[in-house]
Amino acid sequence: MNPLYSPTRRILRGVPPIIGLLFFFGTAILIWMGISAQIQSDLLSLQNRILERGKRVALHLDRTFFELSVLDNPGCNPLFLQGMRRLLYVYDQIGDIEYVPDPSTDRTVATCSAVAGVFETPHVYPEPLEANTKRSRMMWRDVKLPFERYLNGFAIREGQFIILINEAGMLHGFEQEVYEIYAPQEDGSGFSGHLAGIIGLYRDVVVNKSNPLIANLYANACLPSGLGFFCIATKESWRTLHRKYGFLLTLGIMSSLLIGTLAFALSHRNLKERLSQTGRIRNAVRKGGDPYYCVYQPIVRLSDGRIVGCEVLARYEDEFEKIYPDTFIPIIERQNLTWEFTTIIMRQAFDALKPAIEADPNFKISINFYPRDLEKRFLQRLSDSEQLRYAAANVYTLNCEVLETGIGDIDSIEDAINYLHGQGFQVSIDDFGTGYSNLSQLREINAEFLKIDKSFIQGLDQHEASIRSSLVPHIVEIAGIIGVGVIAEGIETPEQVAILQKIGVEYGQGYFFSHPIERDAFLQKLFAQPHYIAAA
């Protein structure tokens, strides 16, 4: 599958824009919540000022009704009107006082007022609001104030007197353009009737109070139940919002856009890196191995063709593609994850090859070890390895293959080689002939096997041997001198097998015997050998 067009990658490409949008909206919401909290604070501050004024009006109402009730000579006579006018100017926010001569009827009919005097035509009030405040007071809204053509107020009746409250006076200095003044229910809570402002705003407060994004644009408060004859619901208008907080809103949008863009860029870069071969290979090692898996190439005894072991080789395949060792091994080396990678391979191989080991305790498991991991500074890591301790405890015939090209200074890996030998493991020099080892170094390593690189084997069966293949007999001779066995890699023809047998090579591996195959196929091939008997 082409990784550029894999469904998974196409889906993942949509992740950075989503992250960017989430950060944009998340930041915008946080900034908005901060601004709306300030809006709520301002609304409550304004409401408190209005309610303080309303509280004062409520006290004035109580005092005025009381003083009206004790006036002498009730009626619309001049002395009585003079008494009402005196009270009118004592208390502010009171627009007028009207007199109802017959409070016993169902209708409210006023015949005179402190301002207008005796009415030519009695002032007949409609049905009052359903709200009844304390002392069975009745209320009306949108009552025209005397001599004030454009001003309305509230009318509140107790007994024979009606007091008109100047709505505009109560809200003087209140900059809020969107409000509703309403009468509370008998118990001082809830909505009983609209008095002034925008009808239905209280309902909006109730509906939107559970919405965290806009709840702070609304506020609601009432006078204390003992005094209250009204409540006020307010909303911050968008015009006022823009005027007061336009700069902060603009700054918030720009900040959110910047943060969202940065989040998109960072997540895009991170995702691109994670989806790259390097990122996927590195993360697979760090997460414990998946999608790495092992294949097994048989190691054969050339004298009779029997499988005596296998070399464990790593492969990689994820949802995007297969990546071959010549690509992922250099990346693992550059990322300094070689030991973690080797640990993964050992764990998978030991688990997969248990049936082979149980059938033949001498079955050889060849695993590549990176020379860097055998340096003295990492010796403790070897001794702490759970996989190596497990192999030693179960007496596995583990063959640790070390590339000749990576040996370099023998002193740097000597302690690790001795440790591996001390655990009962074997050591092989892999790809022998491609490096610069001399006879003295080979003696010091004290390896059990030399693995002749396949580039030396490929020309063995040619009419005219290549320079490399002509060196094979000399390599076998060197191995005999230092007392190590030889394994030939890359065997592809029966002629090569015959030549290698003739010159004394004991073991071999290559496509002639088998390609690297997965665990089940390998075990099937192993146990299908004629007269397969576990070694004694």
Side-chain angles (χ1 to χ4, degrees), residues 294 296-301 307-314 338-408 410-432 435 437 441-452 479 482-487 489 506-509 522 526 534-536:
C294 294
Y296 308 90
Q297 187 170 34
I299 297 175
V300 174
R301 189 165 54 216
I307 299 172
V308 297
C310 67
E311 180 176 1
V312 181
L313 301 168
T338 50
W339 181 246
E340 291 80 358
F341 175 72
T342 302
T343 299
I344 291 168
I345 301 306
M346 285 194 292
R347 183 176 64 247
Q348 291 189 14
F350 294 163
D351 184 62
L353 295 173
K354 280 183 180 180
I357 298 167
E358 290 171 355
D360 181 4
N362 295 320
F363 182 86
K364 294 179 173 59
I365 305 173
S366 294
I367 294 178
N368 291 287
F369 279 64
Y370 294 87
R372 176 180 177 274
D373 294 330
L374 301 180
E375 294 177 3
K376 288 182 179 180
R377 53 184 173 150
F378 298 128
L379 185 61
Q380 186 64 41
R381 193 163 59 181
L382 287 179
S383 62
D384 291 340
S385 169
E386 292 183 10
Q387 299 303 321
L388 290 180
R389 288 202 298 266
Y390 174 83
N394 289 275
V395 199
Y396 283 6
T397 306
L398 176 62
N399 188 6
C400 308
E401 298 189 4
V402 185
L403 284 173
E404 183 193 20
T405 53
I407 290 176
I410 297 298
D411 290 339
S412 66
I413 65 171
E414 184 178 8
D415 290 345
I417 298 294
N418 291 336
Y419 174 79
L420 293 173
H421 279 140
Q423 296 300 304
F425 304 143
Q426 298 176 346
V427 175
S428 294
I429 300 175
D430 195 16
D431 292 346
F432 184 79
S437 300
Q441 287 178 314
L442 296 178
R443 289 182 187 276
E444 291 179 20
I445 291 174
N446 194 25
E448 278 75 16
F449 294 98
L450 300 180
K451 296 191 72 174
I452 303 176
I482 62 176
V484 300
V486 176
I487 302 173
E489 295 183 295
E506 187 176 2
Y507 302 105
Q509 67 183 90
F522 174 77
L526 175 66

If you measure from [atom1] on [X] to [atom2] on [Y], what distance do you get to the nearest 0.5 Å?
X	Y	atom1	atom2	value
Glu414	Ile445	CD	CD1	10.0 Å
Ile417	Ser412	CD1	OG	9.5 Å
Gln387	Thr342	CD	OG1	11.5 Å
Asn418	Ile413	CG	CD1	10.0 Å
Ile429	Cys400	CD1	SG	13.0 Å
Gln426	Ser366	CD	OG	8.0 Å

[X] side chain near [Y] side chain, heavy-atom distance below 4.5 Å:
X	Y	answer
Leu420	Leu398	no
Asn362	Val308	no
Thr338	Arg372	yes
Leu526	Tyr296	no
Lys364	Ile299	no
Arg381	Asp373	yes

For Leu382, does its backbone N or O pair with a side-chain atom of Ser385 as donor and acceptor, under 3.5 Å?
no

Please check if the side chain of Arg389 supplies one atom and the backbone of Ser383 the other of a donor-acceptor pair under 3.5 Å.
yes

Classify the ring geometry between Phe369 and Trp339 as parallel (under 30°), tilted (30 to 60°) or perpendicular (over 60°).
tilted

Mind running side chain to side chain contact (heavy atoms under 4.5 Å, CB included) on Val427 and His421 for me, showing each step along the way?
CA-CA 8 Å; Val427 175; His421 279 140; 3.8 Å; yes

N/O donor-acceptor pairs under 3.5 Å from side chains in residues 345-356, not counting sequence neighbours:
unit_1: Arg347; atom_1: NH2; unit_2: Gly288; atom_2: O; d: 2.6
unit_1: Gln348; atom_1: NE2; unit_2: Tyr292; atom_2: O; d: 3.2

Testing the basics here: between [X] and [Y], what is the closest heavy-atom pair and its distance to 0.1 Å?
X	Y	answer
Pro371	Leu403	CG-O, 4.1 Å
Ala392	Gln423	CB-OE1, 3.4 Å
Gln509	Pro298	CB-O, 3.2 Å

Do Tyr419 and Phe425 have their ring centres less than 6.0 Å from each other?
no

Side-chain donor-acceptor pair present, Glu311, Asn399, cut-off under 3.5 Å
no

